[in-house]
There are 2 protein chains.
Amino acid sequence: MVDQHQPGTSALSVLRPFTETDLQSLAARAYARIREAIVAGSLAPGQRISERGLAAALDISAQPVREALRRLEVEGMVETRPRSGTYVADLGRDRLFEIGLIRATLEAVSARLAAERATAADHAAMRARLEAIAGAMRSEDAAAVTLANEALHDAIHAAAASRDVTRLLEGLRAYDHLTRERILSTAEERATALAEHQAIVDAIIAGEPQAAEAAMKAHALRSLSVALP
Amino acid sequence: MVDQHQPGTSALSVLRPFTETDLQSLAARAYARIREAIVAGSLAPGQRISERGLAAALDISAQPVREALRRLEVEGMVETRPRSGTYVADLGRDRLFEIGLIRATLEAVSARLAAERATAADHAAMRARLEAIAGAMRSEDAAAVTLANEALHDAIHAAAASRDVTRLLEGLRAYDHLTRERILSTAEERATALAEHQAIVDAIIAGEPQAAEAAMKAHALRSLSVALP
DNA sequence: CCCTGCCATCTGCCATGGTAGATCAACACC
DNA sequence: GGTGTTGATCTACCATGGCAGATGGCAGGG
């Protein structure tokens, strides 16, 4: 059964769908804004931030701000001392390195599960992402390569089909932008990463969980050592 | 400079400090209560729960309940469909197995960091926990062995001194009680676990991160396969 | 100088009330 | 019989107001 309401095939496709942020809750949007500010450094580590102050700055009530801060607290980006104040957490090199370690092992689990569960469609998707990376490399566009790499990782997560692994990695994603900047900056590094990605995908498609896990872990750890020398 | 207000040395030590739950926020207590109910099965998977309903049952306002549900949501124990309802997440065998996989890798990271950072005091603490396990085993008390095992793991986490690893493991801790029941039920299993724990601690004290990580991972995975056959 | 109790101020925390969206049943219509 | 409509009801969501605890400065007594 083909979905008759597929966008792009109907005459109603002139109507753009609502953008993501339009129908998100205020709390979710506040979370995103505050997180961006922390990652960008606008809110410095150790700085004291208050619910009411953020609420006034965002021109909303204090309650959704409070929810956003609670979520940021669970993800380790802010700390709250009861009845006292909320402070943005430290994001020093050691902390980022630890998070990188965690991320590496979670990515490895993702690759392992993908090798166990990937369908033919998943295989095709991953191969397409690899092609996209190679194409982006030929165009010498470092940013495009980074985007393509993230797309490949997303495809692997989709193949792993594990809500929990995806959820935890999503919680660590905020920290990525702090480390992924200097990575893939050289052509040599990009070539190495492509080879590693190739090996990972090969292991997944071959259905070898152990190999996929090991390959992904080695890749993530090596990337980490490049990003945070 | 010695702190003159150290409890136990002053005449005021007759006053017991407040218990933990007395000064916890309503949201934190609501979180604990709801989580318990879910783990115990009182709130069945798929069941629809509402903020106001829970608030009425706990005899508090809806707002702290809402915060508790948000936290449970990021931990994957409930799911919220916007403007519609909140539902208890599924906790089937596959889900628990995946979480066990994640837990194993995080514990392995913890052991790795412990091997890199443990101080002499940490070594002493871990040795003491091992002794406690052996003592509990001689008394043939399975519950005591389980408690002692958890104490050892806590000591390893303390030696790892990683706020993020500890934080993530804490988020997974709610699921442990669903799997740790049938584990360690036989004497043979307890003996195997003790030997594995011994190997882990040895590697940590020897300062061998790779070995510690591998030993912990093998231990956690084998325990998982026993708990969820 | 050091310490202690006091007080103004700020902060997180919670209760209350109200609103828009989702859901579903009943119903009218073709 | 399927289709669209309506309306009642439930839900998550948010704004407002107020409160207890934490904080830091200050005055007064050692």
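Letters go in sequence order (proteins before strands), and every chain restarts at 1. Just so we're clear, the structure is a prediction, and the values are computed from it rather than from any experiment.
Salt-bridge formation is detected for the pair A:E67/B:R66: a Lys NZ or Arg NE/NH1/NH2 atom is positioned less than 4.0 Å from an Asp or Glu carboxylate oxygen. Taking the charged nitrogens against the carboxylate oxygens, B:R71 and B:E75 do have a contact shorter than 4.0 Å, which makes a salt bridge. Between A:R167 and B:E98 no salt bridge is recorded (no basic side-chain N to carboxylate O distance below 4.0 Å). Ion pairing of A:E79 with B:R163 is present here, as a side-chain N (NZ or NE/NH1/NH2) and a carboxylate O approach within less than 4.0 Å.
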For nucleotides 16-20 of chain D, print each protein N/O atom paired with a nucleotide N/O atom at under 3.5 Å, atom names and distance only.
from: D:dG18; atom 1: O6; to: A:R52; atom 2: NH2; distance (Å): 2.2
from: D:dA20; atom 1: N3; to: A:R83; atom 2: NH1; distance (Å): 3.4

Under 3.5 Å between N/O atoms: give me all the protein pairs with nucleotides 5-8 of chain D, atom names plus distance.
none

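Separating the CZ atom of B:R66 from the P atom of C:dA15 is a distance of 15 Å, rounded to the nearest angstrom. One can place CD1 of A:I49 at 18 Å from P of C:dC10, the figure rounded to the nearest angstrom. For A:L54 and D:dA15, the CG to P distance is 14 Å, given to the nearest whole Å. Atom CZ in A:R81 sits about 14 Å away from atom C1' in D:dG21, given to the nearest Å. One can place CD of B:E51 at 14 Å from C1' of C:dA15, the figure rounded to the nearest angstrom. One interatomic measurement links the two molecules: CG of B:L58 to C1' of C:dA15, which rounds to 15 Å at whole-angstrom precision.
For the residue pair B:T119 / B:D122, a side-chain donor-acceptor distance below 3.5 Å is found, with atom types taken as modelled.
Relative to the six-membered ring of B:F97, B:R93 meets both conditions, a distance below 6.0 Å and an angle of at most 45° to the axis.
For C:dG12, one of the phosphate oxygens OP1 or OP2 lies less than 4.0 angstrom from a side-chain nitrogen or oxygen of A:T86. An OP1 or OP2 oxygen of C:dT23 is reached within less than 4.0 angstrom by a side-chain nitrogen or oxygen of B:S84.
For B:S50, whose side chain is taken as the heavy atoms from C-beta onward, the closest listed nucleotide among D:dT11, C:dT11, C:dC14 is D:dT11. Nearest to the side chain of B:T80, among D:dA12, C:dC14, D:dC14, sits D:dA12.
The 5' end of DNA chain C is approached more closely, in terms of each residue's nearest nucleotide, by B:E67 than by the other of B:R48 and B:E67. In terms of position on DNA chain C, the residue among B:P82 and B:I60 whose nearest nucleotide sits closer to the 5' end is B:I60.
Contact annotation for A:L69: no contact, since no heavy-atom pair falls under 4.0 Å across all strands.
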